[in-house]
Amino acid sequence: MAFSAASGPGVTSSLTNGSSAWASGGGLPLQKDSKVAVGKTQAVGAARRQVTMKGLYFQKSSTDEEITFIFQERENLPVIEDNYVKVQVKACALSQINTKLLAEMKMEKDFFPVGREIAGIVLDVGSKVSFFQPDDEVVGILPLDSEDPGLCEVVRVHEHYLVHKPEKVTWTEAAGTIRDGVRAYTALHYLSHLSPGKSVLIMDGASALGMIAIQLAHHRGAKVISTAGSLEDKQCLERLRPSIARVIDVSNGKAHVAESCLEETGGLGVDIVLDAGVRLYSKDDEPAVKLQLLPHKHDIITLLGVGGHWVTTEENLQLDPPDSHCLFLKGATVAFLNDEVWNLSNVQQGKYLCILKDVMEKLSSGVFRPQLDEPIPLYEAKVSMEVVQKNQGRKKQVVQF
(Lines give C-alpha, C1' and ligand atoms only; values in the text may rest on other atoms or scores of the structure.)
Protein backbone atom coordinates (compact mmCIF):
# COMPACT_ATOMS: atom_id res chain seq x y z
CA MET A 1 0.00 0.00 0.00
CA ALA A 2 1.56 3.26 -1.08
CA PHE A 3 1.41 6.46 0.94
CA SER A 4 2.40 9.80 -0.55
CA ALA A 5 4.96 11.91 1.29
CA ALA A 6 5.67 15.60 0.84
CA SER A 7 9.25 16.53 0.07
CA GLY A 8 10.85 19.89 -0.12
CA PRO A 9 14.21 21.63 -0.49
CA GLY A 10 16.43 21.37 2.53
CA VAL A 11 14.97 18.10 3.83
CA THR A 12 17.87 15.97 2.60
CA SER A 13 20.49 18.52 3.50
CA SER A 14 19.16 18.96 7.03
CA LEU A 15 19.29 15.19 7.63
CA THR A 16 22.81 15.07 6.15
CA ASN A 17 23.97 17.96 8.32
CA GLY A 18 22.42 16.27 11.33
CA SER A 19 24.33 13.09 10.60
CA SER A 20 27.57 15.03 10.23
CA ALA A 21 27.05 16.68 13.56
CA TRP A 22 26.60 13.27 15.21
CA ALA A 23 29.71 11.86 13.52
CA SER A 24 31.90 14.79 14.48
CA GLY A 25 31.12 14.50 18.16
CA GLY A 26 34.60 13.64 19.43
CA GLY A 27 35.23 11.13 16.63
CA LEU A 28 33.45 8.37 18.58
CA PRO A 29 31.30 5.77 16.78
CA LEU A 30 27.54 6.09 17.12
CA GLN A 31 26.21 4.06 20.04
CA LYS A 32 23.07 1.88 19.81
CA ASP A 33 20.93 4.40 21.72
CA SER A 34 22.05 7.19 19.40
CA LYS A 35 21.06 5.17 16.35
CA VAL A 36 17.64 4.47 17.84
CA ALA A 37 17.18 8.17 18.60
CA VAL A 38 18.17 9.17 15.06
CA GLY A 39 15.83 6.56 13.53
CA LYS A 40 12.98 7.71 15.76
CA THR A 41 13.59 11.36 14.82
CA GLN A 42 13.64 10.56 11.11
CA ALA A 43 10.41 8.52 11.37
CA VAL A 44 8.67 11.32 13.27
CA GLY A 45 9.93 13.86 10.74
CA ALA A 46 8.58 11.79 7.86
CA ALA A 47 5.17 11.54 9.54
CA ARG A 48 5.08 15.32 10.03
CA ARG A 49 5.85 15.95 6.35
CA GLN A 50 3.26 13.51 5.00
CA VAL A 51 0.39 15.34 3.26
CA THR A 52 -2.11 12.51 2.72
CA MET A 53 -2.46 9.01 4.13
CA LYS A 54 -4.90 6.13 4.11
CA GLY A 55 -7.23 5.29 6.96
CA LEU A 56 -9.73 2.45 7.47
CA TYR A 57 -13.45 3.27 7.71
CA PHE A 58 -16.65 1.24 7.69
CA GLN A 59 -19.89 1.84 5.85
CA LYS A 60 -23.18 0.35 6.99
CA SER A 61 -25.63 -1.04 4.48
CA SER A 62 -28.98 0.76 4.39
CA THR A 63 -30.91 -2.48 3.87
CA ASP A 64 -29.37 -4.78 6.51
CA GLU A 65 -26.89 -4.94 9.36
CA GLU A 66 -23.92 -5.80 7.11
CA ILE A 67 -20.98 -3.39 7.24
CA THR A 68 -18.23 -2.90 4.69
CA PHE A 69 -14.66 -1.88 5.50
CA ILE A 70 -12.89 0.44 3.07
CA PHE A 71 -9.63 2.41 2.94
CA GLN A 72 -9.94 6.12 2.23
CA GLU A 73 -7.43 8.88 1.64
CA ARG A 74 -7.36 11.57 4.33
CA GLU A 75 -5.34 14.70 4.91
CA ASN A 76 -2.60 15.01 7.50
CA LEU A 77 -4.19 17.97 9.30
CA PRO A 78 -2.38 20.17 11.84
CA VAL A 79 -3.35 20.32 15.51
CA ILE A 80 -5.89 23.14 15.71
CA GLU A 81 -7.66 22.58 19.01
CA ASP A 82 -5.86 23.79 22.14
CA ASN A 83 -6.08 20.55 24.15
CA TYR A 84 -5.43 18.11 21.32
CA VAL A 85 -2.39 15.97 20.64
CA LYS A 86 -1.18 14.74 17.26
CA VAL A 87 0.08 11.15 17.47
CA GLN A 88 2.02 9.00 15.02
CA VAL A 89 0.38 5.58 15.45
CA LYS A 90 2.78 2.68 15.96
CA ALA A 91 0.18 0.01 16.80
CA CYS A 92 -3.62 -0.25 16.81
CA ALA A 93 -5.65 -3.16 18.22
CA LEU A 94 -8.77 -4.45 16.47
CA SER A 95 -12.04 -4.79 18.38
CA GLN A 96 -15.60 -5.60 17.39
CA ILE A 97 -17.63 -2.49 16.50
CA ASN A 98 -20.93 -2.08 18.34
CA THR A 99 -22.99 -0.62 15.49
CA LYS A 100 -26.17 -0.79 17.58
CA LEU A 101 -24.65 1.41 20.28
CA LEU A 102 -23.47 3.94 17.68
CA ALA A 103 -26.98 4.08 16.21
CA GLU A 104 -28.59 4.51 19.64
CA MET A 105 -26.22 7.38 20.43
CA LYS A 106 -26.98 9.07 17.08
CA MET A 107 -23.36 8.72 15.95
CA GLU A 108 -24.05 7.18 12.55
CA LYS A 109 -22.13 8.61 9.58
CA ASP A 110 -21.65 7.66 5.95
CA PHE A 111 -18.11 6.54 6.75
CA PHE A 112 -17.21 5.75 10.34
CA PRO A 113 -13.55 5.56 11.47
CA VAL A 114 -12.21 2.14 12.52
CA GLY A 115 -9.65 1.36 15.22
CA ARG A 116 -9.58 2.97 18.67
CA GLU A 117 -6.95 1.31 20.88
CA ILE A 118 -3.72 3.01 19.83
CA ALA A 119 -0.11 3.39 20.94
CA GLY A 120 2.29 5.84 19.35
CA ILE A 121 4.63 8.83 19.48
CA VAL A 122 3.48 12.42 20.06
CA LEU A 123 4.24 14.57 17.01
CA ASP A 124 2.69 17.89 18.03
CA VAL A 125 0.63 19.36 20.86
CA GLY A 126 -1.94 22.13 21.19
CA SER A 127 -1.20 25.34 23.06
CA LYS A 128 -3.03 24.24 26.24
CA VAL A 129 -1.77 20.64 26.43
CA SER A 130 -0.14 20.09 29.83
CA PHE A 131 0.47 16.31 30.07
CA PHE A 132 2.50 15.64 26.94
CA GLN A 133 5.19 17.03 24.70
CA PRO A 134 6.57 15.98 21.30
CA ASP A 135 8.39 12.60 21.21
CA ASP A 136 6.49 11.24 24.26
CA GLU A 137 5.36 7.61 23.89
CA VAL A 138 1.64 7.33 24.64
CA VAL A 139 -1.24 4.86 24.66
CA GLY A 140 -4.99 5.33 24.87
CA ILE A 141 -8.46 4.65 23.51
CA LEU A 142 -9.98 7.05 20.98
CA PRO A 143 -13.49 8.23 21.95
CA LEU A 144 -16.59 6.95 20.17
CA ASP A 145 -17.02 10.26 18.34
CA SER A 146 -13.42 10.48 17.11
CA GLU A 147 -13.11 11.92 13.61
CA ASP A 148 -9.84 10.05 12.99
CA PRO A 149 -9.47 6.27 12.59
CA GLY A 150 -6.86 4.60 14.77
CA LEU A 151 -5.98 2.52 11.70
CA CYS A 152 -4.14 5.41 10.13
CA GLU A 153 -0.55 6.66 10.41
CA VAL A 154 -1.43 9.89 12.24
CA VAL A 155 -4.40 10.77 14.50
CA ARG A 156 -5.51 13.75 16.57
CA VAL A 157 -6.92 13.10 20.04
CA HIS A 158 -7.72 15.07 23.20
CA GLU A 159 -4.96 14.69 25.79
CA HIS A 160 -7.43 13.34 28.39
CA TYR A 161 -7.77 10.08 26.44
CA LEU A 162 -4.05 9.27 26.61
CA VAL A 163 -1.46 8.19 29.19
CA HIS A 164 2.30 7.65 28.95
CA LYS A 165 3.46 4.23 27.75
CA PRO A 166 6.04 2.57 30.01
CA GLU A 167 9.41 2.09 28.36
CA LYS A 168 9.45 -1.70 28.95
CA VAL A 169 6.09 -2.20 27.19
CA THR A 170 6.08 -2.80 23.41
CA TRP A 171 3.74 -0.94 21.07
CA THR A 172 1.67 -4.05 20.29
CA GLU A 173 1.37 -5.04 23.97
CA ALA A 174 0.20 -1.55 24.92
CA ALA A 175 -2.43 -1.29 22.17
CA GLY A 176 -3.52 -4.92 22.57
CA THR A 177 -4.07 -4.74 26.34
CA ILE A 178 -5.49 -1.28 27.08
CA ARG A 179 -9.17 -1.96 26.20
CA ASP A 180 -9.47 -5.36 27.88
CA GLY A 181 -7.61 -3.95 30.88
CA VAL A 182 -10.19 -1.19 31.22
CA ARG A 183 -13.04 -3.71 30.89
CA ALA A 184 -11.54 -6.03 33.51
CA TYR A 185 -11.00 -3.14 35.94
CA THR A 186 -14.53 -1.88 35.37
CA ALA A 187 -16.04 -5.31 35.99
CA LEU A 188 -13.97 -6.46 38.96
CA HIS A 189 -13.11 -3.23 40.79
CA TYR A 190 -15.91 -0.76 40.13
CA LEU A 191 -18.90 -3.04 39.58
CA SER A 192 -18.16 -5.95 41.94
CA HIS A 193 -15.60 -4.64 44.47
CA LEU A 194 -13.08 -7.46 44.16
CA SER A 195 -11.04 -8.15 47.31
CA PRO A 196 -8.69 -10.88 48.62
CA GLY A 197 -10.36 -14.20 49.43
CA LYS A 198 -13.37 -13.69 47.16
CA SER A 199 -14.40 -16.44 44.73
CA VAL A 200 -14.79 -15.35 41.11
CA LEU A 201 -16.33 -17.17 38.14
CA ILE A 202 -14.97 -15.82 34.84
CA MET A 203 -16.79 -17.26 31.85
CA ASP A 204 -14.78 -18.03 28.69
CA GLY A 205 -11.48 -17.47 30.49
CA ALA A 206 -9.34 -18.13 27.40
CA SER A 207 -10.76 -15.08 25.58
CA ALA A 208 -8.76 -11.84 25.46
CA LEU A 209 -10.93 -10.24 28.18
CA GLY A 210 -11.18 -13.44 30.21
CA MET A 211 -7.41 -13.87 30.39
CA ILE A 212 -6.81 -10.31 31.64
CA ALA A 213 -9.69 -10.64 34.14
CA ILE A 214 -8.23 -13.90 35.51
CA GLN A 215 -4.80 -12.30 35.93
CA LEU A 216 -6.30 -9.27 37.70
CA ALA A 217 -8.37 -11.49 40.02
CA HIS A 218 -5.32 -13.60 40.91
CA HIS A 219 -3.29 -10.47 41.57
CA ARG A 220 -5.93 -9.32 44.04
CA GLY A 221 -5.85 -12.66 45.88
CA ALA A 222 -9.17 -14.08 44.65
CA LYS A 223 -10.04 -17.73 44.02
CA VAL A 224 -10.79 -18.11 40.30
CA ILE A 225 -13.09 -20.58 38.53
CA SER A 226 -13.42 -20.44 34.76
CA THR A 227 -15.13 -22.10 31.80
CA ALA A 228 -13.54 -23.35 28.58
CA GLY A 229 -15.33 -23.75 25.25
CA SER A 230 -12.80 -26.14 23.66
CA LEU A 231 -10.06 -28.58 24.56
CA GLU A 232 -7.45 -26.03 23.44
CA ASP A 233 -8.96 -23.39 25.73
CA LYS A 234 -9.07 -25.87 28.61
CA GLN A 235 -5.38 -26.73 28.21
CA CYS A 236 -4.48 -23.04 27.96
CA LEU A 237 -6.29 -22.26 31.22
CA GLU A 238 -4.82 -25.25 33.05
CA ARG A 239 -1.30 -24.05 32.20
CA LEU A 240 -1.83 -20.67 33.88
CA ARG A 241 0.16 -19.78 36.99
CA PRO A 242 -1.12 -19.06 39.60
CA SER A 243 -3.37 -21.98 38.80
CA ILE A 244 -7.16 -21.74 38.43
CA ALA A 245 -9.16 -23.53 41.16
CA ARG A 246 -11.35 -25.28 38.59
CA VAL A 247 -11.68 -25.21 34.81
CA ILE A 248 -15.17 -26.26 33.67
CA ASP A 249 -15.21 -27.73 30.15
CA VAL A 250 -18.50 -26.72 28.51
CA SER A 251 -17.49 -27.75 24.97
CA ASN A 252 -19.56 -30.94 24.95
CA GLY A 253 -22.63 -29.33 26.52
CA LYS A 254 -22.70 -31.88 29.36
CA ALA A 255 -21.00 -29.91 32.13
CA HIS A 256 -23.27 -28.26 34.71
CA VAL A 257 -21.71 -24.91 35.55
CA ALA A 258 -23.93 -24.26 38.58
CA GLU A 259 -23.27 -27.69 40.12
CA SER A 260 -19.50 -27.39 39.56
CA CYS A 261 -19.34 -23.93 41.17
CA LEU A 262 -21.44 -24.96 44.19
CA GLU A 263 -19.27 -28.04 44.63
CA GLU A 264 -16.07 -25.96 44.45
CA THR A 265 -17.35 -23.44 47.03
CA GLY A 266 -18.82 -25.98 49.46
CA GLY A 267 -22.38 -25.06 48.53
CA LEU A 268 -21.92 -21.36 49.34
CA GLY A 269 -21.86 -20.09 45.76
CA VAL A 270 -19.41 -17.66 44.15
CA ASP A 271 -19.04 -14.02 45.16
CA ILE A 272 -18.55 -12.56 41.69
CA VAL A 273 -19.62 -13.72 38.21
CA LEU A 274 -18.31 -12.14 35.01
CA ASP A 275 -20.23 -13.70 32.14
CA ALA A 276 -19.56 -13.79 28.41
CA GLY A 277 -23.26 -13.75 27.55
CA VAL A 278 -26.12 -15.92 28.82
CA ARG A 279 -29.06 -17.87 27.45
CA LEU A 280 -32.37 -16.17 28.13
CA TYR A 281 -34.88 -18.61 26.70
CA SER A 282 -35.68 -22.32 26.55
CA LYS A 283 -33.59 -24.77 24.53
CA ASP A 284 -35.95 -24.68 21.57
CA ASP A 285 -35.62 -20.92 21.12
CA GLU A 286 -31.81 -20.56 21.28
CA PRO A 287 -29.20 -21.00 18.47
CA ALA A 288 -27.23 -24.25 18.71
CA VAL A 289 -23.86 -22.56 19.32
CA LYS A 290 -25.22 -20.34 22.06
CA LEU A 291 -27.02 -23.31 23.58
CA GLN A 292 -23.82 -25.29 23.84
CA LEU A 293 -21.38 -22.73 25.27
CA LEU A 294 -23.42 -20.32 27.37
CA PRO A 295 -25.14 -20.99 30.70
CA HIS A 296 -28.78 -20.18 31.24
CA LYS A 297 -29.55 -17.10 33.35
CA HIS A 298 -31.10 -19.40 35.97
CA ASP A 299 -27.76 -21.20 36.33
CA ILE A 300 -26.00 -17.91 37.07
CA ILE A 301 -28.60 -16.95 39.68
CA THR A 302 -28.34 -20.42 41.26
CA LEU A 303 -24.54 -20.41 41.60
CA LEU A 304 -24.39 -16.83 42.94
CA GLY A 305 -23.64 -16.62 46.66
CA VAL A 306 -25.28 -14.41 49.28
CA GLY A 307 -24.38 -10.77 48.66
CA GLY A 308 -22.86 -11.78 45.31
CA HIS A 309 -22.31 -9.60 42.24
CA TRP A 310 -23.29 -10.66 38.73
CA VAL A 311 -21.52 -8.57 36.07
CA THR A 312 -23.11 -9.27 32.69
CA THR A 313 -22.19 -8.44 29.10
CA GLU A 314 -25.71 -9.38 27.97
CA GLU A 315 -27.22 -5.99 27.06
CA ASN A 316 -30.72 -7.46 26.55
CA LEU A 317 -30.86 -9.38 29.83
CA GLN A 318 -34.45 -10.12 30.89
CA LEU A 319 -35.23 -11.07 34.48
CA ASP A 320 -38.65 -12.46 35.34
CA PRO A 321 -40.25 -11.77 38.76
CA PRO A 322 -39.11 -15.16 40.18
CA ASP A 323 -35.54 -14.35 39.07
CA SER A 324 -35.66 -10.95 40.76
CA HIS A 325 -37.14 -12.49 43.91
CA CYS A 326 -34.30 -15.02 44.11
CA LEU A 327 -31.72 -12.25 43.72
CA PHE A 328 -33.56 -10.25 46.41
CA LEU A 329 -33.40 -13.17 48.84
CA LYS A 330 -29.65 -13.44 48.26
CA GLY A 331 -29.11 -9.69 48.52
CA ALA A 332 -27.27 -10.00 45.20
CA THR A 333 -26.69 -7.34 42.55
CA VAL A 334 -26.69 -7.32 38.75
CA ALA A 335 -24.44 -4.87 36.90
CA PHE A 336 -23.99 -4.30 33.18
CA LEU A 337 -20.48 -4.11 31.77
CA ASN A 338 -20.32 -1.19 29.34
CA ASP A 339 -16.80 0.23 29.33
CA GLU A 340 -17.90 3.17 27.15
CA VAL A 341 -19.50 4.85 30.17
CA TRP A 342 -16.15 6.29 31.26
CA ASN A 343 -16.09 8.61 28.25
CA LEU A 344 -19.77 9.55 28.30
CA SER A 345 -19.31 11.91 31.26
CA ASN A 346 -16.40 14.20 32.09
CA VAL A 347 -17.10 13.59 35.78
CA GLN A 348 -15.42 10.17 35.46
CA GLN A 349 -12.31 11.43 33.62
CA GLY A 350 -9.98 11.29 36.63
CA LYS A 351 -10.89 7.69 37.51
CA TYR A 352 -10.60 6.71 33.85
CA LEU A 353 -7.06 8.05 33.53
CA CYS A 354 -6.09 6.26 36.76
CA ILE A 355 -7.37 2.98 35.26
CA LEU A 356 -5.38 3.52 32.05
CA LYS A 357 -2.20 4.22 34.03
CA ASP A 358 -2.71 1.23 36.31
CA VAL A 359 -3.30 -1.09 33.36
CA MET A 360 0.00 0.04 31.83
CA GLU A 361 1.84 -0.36 35.15
CA LYS A 362 0.54 -3.93 35.55
CA LEU A 363 1.50 -4.70 31.96
CA SER A 364 5.00 -3.33 32.60
CA SER A 365 5.41 -5.32 35.84
CA GLY A 366 4.23 -8.61 34.29
CA VAL A 367 0.92 -8.91 36.14
CA PHE A 368 -0.89 -8.71 32.80
CA ARG A 369 0.31 -11.17 30.15
CA PRO A 370 -2.02 -10.65 27.15
CA GLN A 371 -2.74 -13.35 24.59
CA LEU A 372 -1.91 -11.53 21.35
CA ASP A 373 -1.90 -12.83 17.80
CA GLU A 374 1.04 -12.13 15.49
CA PRO A 375 1.08 -8.41 14.50
CA ILE A 376 -0.17 -7.66 11.00
CA PRO A 377 0.60 -4.78 8.58
CA LEU A 378 -1.93 -2.06 7.80
CA TYR A 379 -2.82 -3.43 4.36
CA GLU A 380 -4.19 -6.61 6.01
CA ALA A 381 -6.37 -4.65 8.46
CA LYS A 382 -9.47 -4.73 6.25
CA VAL A 383 -9.59 -8.54 6.05
CA SER A 384 -8.70 -8.92 9.73
CA MET A 385 -11.46 -6.51 10.81
CA GLU A 386 -14.01 -8.57 8.88
CA VAL A 387 -12.94 -11.62 10.93
CA VAL A 388 -13.00 -9.65 14.21
CA GLN A 389 -16.42 -8.18 13.44
CA LYS A 390 -17.83 -11.70 13.01
CA ASN A 391 -16.30 -12.60 16.40
CA GLN A 392 -14.34 -15.45 14.84
CA GLY A 393 -10.94 -14.69 16.37
CA ARG A 394 -9.69 -15.78 19.82
CA LYS A 395 -6.46 -13.90 20.39
CA LYS A 396 -6.27 -10.12 20.19
CA GLN A 397 -5.30 -8.88 16.73
CA VAL A 398 -2.98 -5.86 16.52
CA VAL A 399 -1.92 -3.84 13.47
CA GLN A 400 1.70 -2.71 13.63
CA PHE A 401 2.91 0.29 11.64
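Keep in mind the model is a prediction, meaning the values are calculated, not measured. Side chains included, hydrogens not; waters and symmetry mates left out as well; all remaining heavy atoms used.
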Inset, instruction - Quick one: list whatever passes side-chain hydrogen bond (donor to acceptor under 3.5 Å, both in side chains) with Thr170, sequence neighbours left out. - result: Thr172, Glu173
Legend entry - Minimum side-chain heavy-atom gap Leu237-Ile214 below 4.5 Å: yes
Legend entry - Donor-acceptor pair, side chain of Ser192 and main chain of Ala187, under 3.5 angstrom: yes
When the side chains of residues 316-329 are checked against the rest of the protein, which donor-acceptor pairs come out under 3.5 Å, sequence neighbours left out?
from   : atom 1 : to     : atom 2 : distance (Å)
Gln318 : NE2    : Tyr281 : OH     : 3.1
Asp323 : OD1    : His298 : NE2    : 3.2
Asp323 : OD2    : Asp320 : N      : 3.0

Legend entry - Close side-chain approach of Met203 and Pro295, heavy atoms under 4.5 Å: yes
Legend entry - Interatomic spacing from CE in Met360 to CZ in Phe368 - rounded to 0.5 Å: 9.0 Å
Legend entry - Spacing of CG belonging to Asp204 relative to CG belonging to Leu294, to within rounding of 0.5 Å: 8.5 Å
Inset, instruction - Over all heavy atoms of both residues, which pair between Val399 and Ala381 is shortest? Give the atoms and the distance, please. - result: CG2-CB, 3.9 Å
Legend entry - Test item: Asp136 side-chain N/O and Gln133 main-chain N/O as donor-acceptor pair under 3.5 Å: yes
Legend entry - Leu304 CG to Trp310 CH2 distance, which is reported to the nearest 0.5 Å: 8.5 Å
Legend entry - Minimum-distance pair of heavy atoms, taken over all atoms of Ser384 and Leu94: CB-CD1, 3.6 Å
Legend entry - salt bridge (Lys or Arg N to Asp or Glu O under 4.0 Å) against Asp148, all qualifying residues, sequence neighbours excluded: Arg74, Arg156
Inset, instruction - Return the set of residues passing side-chain contact (heavy atoms from CB on, under 4.5 Å) with Gln72 (not counting sequence neighbours), or none when no residue passes. - result: Tyr57, Ile70, Phe111
Legend entry - From CG (Leu162) to CD1 (Ile141), nearest 0.5 Å: 10.5 Å
Inset, instruction - Check the pair Arg183, Glu117 against salt bridge (Lys or Arg N to Asp or Glu O under 4.0 Å), reporting the backbone distance first and the verdict last. - result: CA-CA 13 Å; Arg183 297 187 77 200; Glu117 303 111 280; over 6 Å; no
Legend entry - Test item: Val169 and Pro166 side chains (from C-beta on) under 4.5 Å apart, heavy atoms: yes
Legend entry - Asp135 and Val122, any side-chain heavy atoms less than 4.5 Å apart: no
Legend entry - Verdict with supporting geometry, Glu386 and Lys390, salt bridge (Lys or Arg N to Asp or Glu O under 4.0 Å): CA-CA 6 Å; Glu386 291 170 352; Lys390 293 174 183 175; over 6 Å; no
Inset, instruction - Identify, with sequence neighbours excluded, every residue that meets ring-ring contact (aromatic ring centres under 6.0 Å, His included) alongside Tyr190. - result: Trp342
Legend entry - Residues forming a salt bridge (Lys or Arg N to Asp or Glu O under 4.0 Å) with Glu315, sequence neighbours excluded: Lys100
Legend entry - Spacing of OG1 belonging to Thr68 relative to CE belonging to Met385, to within rounding of 0.5 Å: 12.0 Å
Inset, instruction - Sequence neighbours left out, what passes ring-ring contact (aromatic ring centres under 6.0 Å, His included) with Phe69? Give chain and number order. - result: none
Inset, instruction - Start with the C-alpha gap between Phe132 and His164, add the side-chain angles, then the distance that decides, and say whether ring-ring contact (aromatic ring centres under 6.0 Å, His included) holds. - result: CA-CA 8 Å; Phe132 307 103; His164 288 94; 4.8 Å; yes
Inset, instruction - Could you tell me whether the side chain of His219 reaches within less than 4.5 Å of the side chain of Lys362, counting heavy atoms only? - result: yes
Inset, instruction - Determine whether Leu378 and Leu151 make a side-chain contact, defined as any pair of heavy atoms from C-beta on separated by less than 4.5 Å. - result: yes
Legend entry - Residues, nucleotides or ligands: over 12 heavy atoms within 6.0 Å of Glu104 CD: yes
Legend entry - Phe58: ring-ring contact (aromatic ring centres under 6.0 Å, His included) partners, not counting sequence neighbours: Phe112
Legend entry - Ser260 (side chain) donor-acceptor with Ile248 (main chain) under 3.5 angstrom: no
Inset, instruction - Hey, could you give me the SG/CZ distance between Cys92 and Phe401, rounded to the nearest 0.5 Å? - result: 6.0 Å
Legend entry - Test ring-ring contact (aromatic ring centres under 6.0 Å, His included) applied to His189 - qualifying residues, sequence neighbours left out: Tyr185
Inset, instruction - Give a yes or no on whether a salt bridge exists between Glu264 and Lys223, defined as a side-chain N under 4.0 angstrom from a carboxylate O. - result: yes
Inset, instruction - Quick one: closest heavy-atom pair of Val200 and Ala222, and the distance? - result: CG2-CB, 3.8 Å
Inset, instruction - Mind checking salt bridge (Lys or Arg N to Asp or Glu O under 4.0 Å) for Asp180 and listing every partner two or more places apart, or none if nothing turns up? - result: Lys396
Legend entry - With Ser230 via side-chain contact (heavy atoms from CB on, under 4.5 Å) - residues at least two apart: Glu232, Asp233
Inset, instruction - Using atom types as modelled and distance alone, determine if a side-chain donor or acceptor of Gln349 lies under 3.5 Å from a backbone N or O of Asn343. - result: no
Inset, instruction - Return yes if some donor-acceptor pair links the side-chain N/O of Ser146 with the main-chain N/O of Pro143 below 3.5 Å, else return no. - result: no
Legend entry - Whether Glu159 side chain and Phe131 backbone form a donor-acceptor pair below 3.5 Å: yes
Inset, instruction - Taking Gln215 for its side chain and Arg369 for its backbone only, find out whether a donor-acceptor pair lies under 3.5 Å. - result: yes
Inset, instruction - Evaluate side chain to side chain donor-acceptor pair (under 3.5 Å) for Asp275 paired with Thr313, printing each intermediate quantity in order. - result: CA-CA 6 Å; Asp275 72 32; Thr313 58; 3.1 Å; yes
Inset, instruction - Please name the residue in the list Asp271, Leu274, Leu188 that meets the side-chain contact (heavy atoms from CB on, under 4.5 Å) test with Leu194. - result: Leu188
Inset, instruction - Kindly indicate whether the side chain of Gln389, heavy atoms from C-beta on, has any atom under 4.5 Å from the side chain of Ile67. - result: yes
Legend entry - Exercise: identify the closest heavy-atom pair between Ser243 and His218: O-NE2, 3.4 Å
Legend entry - NZ/NE/NH1/NH2 to OD/OE distance under 4.0 Å, Glu361 and Lys165: no
Inset, instruction - Determine the minimum heavy-atom distance between Glu238 and Arg241, stating which atoms define it. - result: O-NH1, 3.2 Å
Inset, instruction - Please confirm whether the backbone N or O of His160 pairs with a side-chain atom of His158, one donor and one acceptor, at under 3.5 Å? - result: yes
Legend entry - Residues which pass side-chain hydrogen bond (donor to acceptor under 3.5 Å, both in side chains) with Glu263, listed by chain and number, not counting sequence neighbours: Arg246
Legend entry - Side-chain touch Met211/Cys236, heavy atoms, less than 4.5 angstrom: yes
Legend entry - Minimum heavy-atom distance between Val250 and Gly229, given as atom pair plus value: CG2-CA, 4.1 Å
